[in-house]
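Computed from a predicted model, the values in this text were never measured in an experiment. As a basis for the values below, the full set of heavy atoms in this structure was taken, side chains included, without hydrogen atoms, waters or symmetry mates. In what follows, chains are A, B, ... by sequence order, proteins preceding strands, each numbered from 1.
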Amino acid sequence: MKRKRRMVRRLSTRLLNVCVASLCKAHKLEKAETVIIDGIRLGVLPDVVTYNCLIDAYCRVIGIDAGYCILHRMGEAGITPDIISYNSLIAGATRKCQIARSLDLFDEMIQRGIAPDVWSYNTLMHGFFKSGKPDVANRVFRDIILGEHSPSAATFNIMMNGLCKNGYTKNAFMLFRDLQRHGFVPELVTYNILVNGLCKIGRLESARRILKEIWASGHVPNAITYTTILKCLLRKKKFEEGLELLLEMKCKGYTFDGFAYCTVIGALIKIGKVKEATEYREDMMRTGIELDIVSYNTLINMYCKDGKLEEAYKLLDEIEKKGLECDKYTHTIMIDGLCKAGNIDGAAQHLRYMNMMGFDSNLVAFNCLVDGLCKVGQIDDAMKVYKSMEVRDSFTYSSLVHNLCRDGRYHSAAKLLLSCLRSGMKILKSAQRAVLLGLRYSGFPREAKKLKSKIRIARILRLWLCANNIY
DNA sequence: ATAGGGTTAG
């Protein structure tokens with residue numbers, strides 16, 4: 001009788017967990033909490049699985065601190081956290097790029113007598129790759145391979161993805177082929193990682209070969225595979241092929257998700273086809289996709305490029321009402337939008353606001369402001385901003401050099417171009433041309449010639465440095 | 001329970 005009751009209770013805890021899990025997955029935290037409270041009232045107690053579910057969800061939806069609170073709560077309820085509780089927390093910290101926090105949790109786990117497993121190590125490795133420390137990630141990988149745990153399929157996937165993301169796509173490929181020779185059977189995820197790696201370095205043909213390999217392996221490429229290649233095609237301005245792939249996706253019955261729509265809309269905006277972009281937006285809204293911050297950013301950019309600032313502001317309100325948070329993209333897009341609309345003061349104000357909100361000073365936003373100031377003829381103000389910038393890049397210089405030339409200030413432009421080259425940066429070809437032609441036809445052909453040879457030497461130097469991996 | 005695709009500037 002007693003055992004039977006215990007069984008029923010276990011069964012209902014299981015039911016509770018199924019319920020909580022699905023609510024957590026839908027980010028309905030309050031609802032999940034209510035279900036748990038109702039369960040307790042009926043005598044169904046949550047167990048470690050219930051709390052692990054909550055930890056993961058709180059980490060995802062609110063943040064690592066919220067997840068950590070659940071760990072305390074389960075302690076108070078008399079339930080000991082297990083390896084999954086800690087792995088979820090470590091993953092939560094990693095997702096938010098807080099590698100130091102991941103390491104702290106890792107130590108805490110060991111101190112509490114919970115031994116890390118291969119999942120913990122996989123997550124740490126991912127964290128190091130994510131924070132741009134491929135050397136440390138490599139060491140973790142080595143420790144997994146040579147250590148007491150056997151690597152999982154995810155170990156290799158994370159390794160290959162990390163290599164691709166950190167500029168070692170070739171090495172990822174070598175690893176992939178070696179693993180295959182040793183009987184490693186790639187999953188679709190593995191292929192998608194490689195396709196993305198190849199696309200990022202512009203190796204479209206190789207990516208297409210992998211697509212064929214996917215079919216040959218018996219896997220069916222998914223929307224992720226297609227979206228990745230689509231993005232690459234559009235970036236390479238192969239719009240016809242892109243549209244073909246888009247049609248192929250539609251024919252094969254793939255449904256577009258937010259990622260696919262953003263890829264298409266973003267690409268259309270970039271080539272100035274705002275009308276077509278709007279059509280895709282309407283299509284997206286019809287499918288009832290829940291917009292996240294990236295989708296909002298894409299749409300805000302669309303309105304800005306179309307000169308409809310009021311619509312953009314409306315979306316900003318909507319973001320706030322939904323409880324989403326604007327990110328640095330949102331702000332940068334708005335700053336650019338304001339600049340392009342000629343509202344430099346508004347843009348500068350938004351930049352200050354952005355810094356006030358705790359965003360790091362943002363190179364792209366500054367570049368937008370510099371270019372905006374140039375475009376309204378305030379080049380000296382643009383130079384002031386340029387001088388105040390801690391970091392500059394090829395965009396900064398190209399924009400200034402171009403506009404100085406447009407203003408007939410070829411010597412200043414030449415000076416700036418030289419400091420750009422001295423910093424080891426490239427500069428837009430058209431900007432170079434503007435300076436050289438300007439100098440030559442305003443009576444300084446010798447200077448033009450000298451500058452030209454400097455440009456050539458800088459290019460040779462850069463190629464040489466790249467070939468030797470000094471950069 | 002970790003891993004894969006989308007958004008910004010010249």
Side-chain angles (χ1 to χ4, degrees), chain A residues 21 49 52-53 55-56 59 82-92 94-95 117-127 129-130 152-162 164-165 187-197 199-200 222-232 234 256-267 269-270 292-302 304-305 327-337 339-340 362-372 374-375 393-403 427-431:
Chain A
V49 178
N52 285 347
C53 254
I55 288 178
D56 183 66
C59 281
D82 62 4
I83 179 74
I84 298 177
S85 325
Y86 271 97
N87 281 348
S88 303
L89 284 170
I90 295 172
T94 296
R95 223 175 284 125
D117 63 1
V118 70
W119 296 75
S120 330
Y121 285 104
N122 285 349
T123 313
L124 275 190
M125 187 169 82
H126 181 216
F129 271 129
K130 237 183 139 173
S152 61
T155 311
F156 297 116
N157 290 338
I158 293 171
M159 183 66 187
M160 283 185 264
N161 183 44
C164 288
K165 290 278 160 64
E187 302 163 300
L188 182 59
V189 186
T190 321
Y191 285 115
N192 284 346
I193 286 169
L194 293 171
V195 167
N196 187 40
C199 285
K200 281 266 155 66
N222 59 10
I224 295 180
T225 326
Y226 276 104
T227 311
T228 309
I229 296 178
L230 179 63
K231 160 97 186 148
C232 188
L234 297 175
F256 274 43
D257 58 6
F259 281 76
Y261 277 114
C262 288
T263 306
V264 177
I265 294 173
I269 295 165
K270 210 152 245 168
D292 62 4
I293 189 64
V294 180
S295 321
Y296 274 113
N297 289 344
T298 309
L299 294 181
I300 289 174
N301 189 34
M302 187 185 83
C304 284
K305 291 288 181 300
D327 60 7
K328 67 171 184 183
Y329 286 92
T330 326
H331 294 303
T332 310
I333 289 165
M334 283 309 297
I335 289 167
D336 187 50
C339 283
K340 293 277 193 302
N362 169 350
L363 177 61
V364 180
F366 271 112
N367 283 345
C368 293
L369 190 63
V370 166
D371 193 61
C374 288
K375 289 270 156 60
D393 69 354
S394 159
F395 280 84
T396 329
Y397 285 106
S398 298
S399 185
L400 279 168
V401 169
H402 236 154
N403 283 291
I427 189 161
L428 210 62
K429 275 263 156 53
S430 56

- line: Atom CD1 of A:I293 and atom P of B:dG6 are separated, to the nearest Å, by 17 Å
task: Given side-chain contact (heavy atoms from CB on, under 4.5 Å), test A:N161 with A:V189 step by step and report yes or no.
output: CA-CA 10 Å; A:N161 183 44; A:V189 186; over 6 Å; no
message: For a quick check, tell me whether the side chain of A:D257 and the base of B:dG5 share a donor-acceptor pair closer than 3.5 Å.
response: yes
- prompt: So what does A:H126 hit on the nucleic acid, given a heavy-atom distance under 4.0 Å: a base, only sugar-phosphate, or nothing?
  reply: sugar-phosphate
- prompt: B:dG10 base to A:S394 side chain: any donor-acceptor pair below 3.5 Å?
  reply: yes
message: We want to know whether A:T298 and A:N301 form a side-chain donor-acceptor pair, criterion being a heavy-atom distance below 3.5 angstrom.
response: no
query: Within the distance-only criterion (no hydrogens, no angle test), does the side chain of A:T225 pair as donor or acceptor with the backbone N or O of A:N222 below 3.5 angstrom?
result: yes
- request: Identify whether any heavy atom of A:K165 sits under 4.0 Å from a base atom; if not, whether one sits that close to sugar-phosphate; answer base, sugar-phosphate or nothing.
  value: sugar-phosphate
message: Test side-chain contact (heavy atoms from CB on, under 4.5 Å) on A:K375 and A:C339; report intermediate values, then the result.
response: CA-CA 9 Å; A:K375 289 270 156 60; A:C339 283; over 6 Å; no
message: What's A:L428 touching, base or sugar-phosphate or nothing? Going by heavy atoms closer than 4.0 Å.
response: base
message: What's the closest nucleotide to the side chain of A:I84 if the choices are B:dT7, B:dG4, B:dA1?
response: B:dA1
message: Of the listed nucleotides (B:dA9, B:dT7, B:dG4), which one gets closest to any side-chain atom of A:N297?
response: B:dT7
- prompt: If you look at every strand shown and take non-hydrogen atoms under 4.0 Å, does A:K429 touch a base, only sugar-phosphate, or nothing?
  reply: nothing
- request: Remember a base hit wins even if backbone is also touched, and classify A:D117 as base, sugar-phosphate or nothing at under 4.0 Å, heavy atoms.
  value: base
- request: Have a look at A:I83 and say if it touches a base, only the backbone sugar-phosphate, or nothing, with a 4.0 Å heavy-atom cut-off.
  value: nothing
query: Base, sugar-phosphate, or nothing: which does A:N87 touch, judged by heavy atoms less than 4.0 Å apart?
result: base
task: With heavy atoms under 4.0 Å as the rule, sort A:A223 into base, sugar-phosphate or nothing.
output: base
task: Check whether any side-chain N or O of A:K231 sits under 4.0 Å from OP1 or OP2 of B:dT7, and answer yes or no.
output: yes
message: Within the 4.5 Å heavy-atom criterion, are A:N367 and A:S399 side-chain neighbours or not?
response: no
- prompt: Between the base of B:dG10 and the side chain of A:S430, is there a donor-acceptor distance below 3.5 Å?
  reply: no
- prompt: Does the base of B:dT8 carry an N or O that pairs as donor and acceptor with the side chain of A:T332 under 3.5 Å?
  reply: yes
query: Side-chain donor-acceptor pair under 3.5 Å between A:N87 and A:D117, yes or no?
result: yes
query: If you look at every strand shown and take non-hydrogen atoms under 4.0 Å, does A:N222 touch a base, only sugar-phosphate, or nothing?
result: base
- request: Could you check whether A:S295 gets within reach of a base, just the sugar-phosphate, or nothing at all, counting any heavy atom under 4.0 Å?
  value: base
query: Rounded to the Å, how far apart are A:K375 NZ and B:dG10 C1'?
result: 7 Å
query: Can you find a donor-acceptor pair, distance only, under 3.5 Å between A:S399 side chain and B:dG10 base?
result: no
- request: Looking only at side-chain atoms of A:I158, point me to the closest of B:dA3, B:dG4, B:dT7.
  value: B:dA3
- request: Record whether the side chain of A:D292 comes under 3.5 Å of the base of B:dG6 through a donor-acceptor pair of N or O atoms.
  value: yes
- prompt: Contact class for A:N122 vs. all strands (heavy atom < 4.0 Å): base, sugar-phosphate, or nothing?
  reply: base
- request: Mind calculating the distance between CG (A:L124) and P (B:dA3) to the nearest angstrom?
  value: 13 Å
- line: Rounded to whole Å, the NE2-C1' distance (A:H331 to B:dA9) equals 17 Å
message: So, does A:K270 get its side chain near the phosphate of B:dG10, meaning an N or O under 4.0 Å from OP1 or OP2?
response: no
query: Taking A:D56 for the side chain and A:C59 for the main chain, is one N or O donor matched with an acceptor at less than 3.5 Å?
result: no
message: Measuring to OP1 and OP2 of B:dG10, would you say a side-chain N or O of A:K340 lies under 4.0 angstrom away?
response: yes
Base of B:dG5 and ring of A:Y226 stacked, centres under 5.5 Å, planes under 30°: no
- request: Whole angstrom is fine here: how far is it from CG in A:D327 over to P in B:dT7?
  value: 12 Å
task: Rounded to the nearest angstrom, tell me the gap between atom CZ in A:F395 and atom P in B:dG10.
output: 7 Å
- prompt: Within the pair A:N196 and B:dG5, is there a side-chain N or O less than 4.0 Å away from OP1 or OP2?
  reply: yes
Nucleotide nearest A:D336 (side chain, heavy atoms from C-beta), chosen from B:dG4, B:dA9, B:dA1: B:dA9
task: Mind checking A:A91 for me? I need base, sugar-phosphate or nothing, with any heavy atom below 4.0 Å counting as a touch.
output: nothing
task: Grab the CZ-P distance between A:F129 and B:dG4 for me, whole Å please.
output: 12 Å
message: Taking atom types as they are modelled, would you say the side chain of A:T228 forms a donor-acceptor pair with the base of B:dG5 within the 3.5 Å cutoff?
response: no
Test side chain to side chain donor-acceptor pair (under 3.5 Å) applied to A:N157 and A:N122, step by step: CA-CA 10 Å; A:N157 290 338; A:N122 285 349; over 6 Å; no
query: Between B:dG6 atom P and A:F256 atom CZ, what is the distance in whole Å?
result: 15 Å
